[in-house]
Amino acid sequence: MSESTYTAAMSELESILAELRADNCDVDRLAERTRRAVELLQLCRNRLTTTEEELSAILKSLQSPDQNPA
């Protein structure tokens with residue numbers, strides 16, 4: 001997922017939250033919107049995990065050989 005996709009997912013999540021918090025929330029769409037929110041949360045979590053792993057690998061590659069833990 002690209003950064004713009006992550007940003008779009010977060011934006012959609014915020015929109016869904018606003019919709020669910022509204023006094024006039026459509027009960028017929030409640031399950032559908034909740035399912036979509038869960039999908040978006042999973043996408044964002046996966047992207048954050050991948051980014052964390054990539055950053056860890058980059059930082060590890062910057063360590064000199066004598067700084068690597070044994």
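For clarity, every value in this text was computed on a predicted model and none was experimentally measured.
Among residues two or more places apart in sequence or in another chain, the salt bridge (Lys or Arg N to Asp or Glu O under 4.0 Å) test is passed with Glu12 by Arg36. Listed by chain and number, the residues in a side-chain contact (heavy atoms from CB on, under 4.5 Å) with Arg21 are Leu17 (sequence neighbours excluded).
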Inset, instruction - Determine, stepwise, if the pair Leu48 / Tyr6 fulfils side-chain contact (heavy atoms from CB on, under 4.5 Å). - result: CA-CA 9 Å; Leu48 289 171; Tyr6 176 86; 3.8 Å; yes
Inset, instruction - Could you walk me through whether Val38 and Arg35 pass the side-chain contact (heavy atoms from CB on, under 4.5 Å) test, one step at a time? - result: CA-CA 5 Å; Val38 169; Arg35 267 193 298 278; 5.8 Å; no
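Leu40 and Ala9 get closest at one heavy-atom pair: CD2-CB, 3.8 Å.
Of the possible donor and acceptor atoms, none in the side chain of Ser15 sits under 3.5 Å from a partner among the backbone N and O of Ser11.
Atoms CD and CG, on Glu32 and Asp26 in that order, are 9.0 Å from each other to the nearest 0.5 Å. Between the CG atom of Leu13 and the CG atom of Leu41 there is a distance of 5.0 Å, given to the nearest 0.5 Å. Atoms OG1 and CG, on Thr5 and Leu43 in that order, are 9.0 Å from each other to the nearest 0.5 Å.
With a 4.5 Å cut-off on side-chain heavy atoms, Met10 and Thr7 do not count as touching.
Glu52 CD: 12 or fewer foreign heavy atoms inside a 6.0 Å radius.
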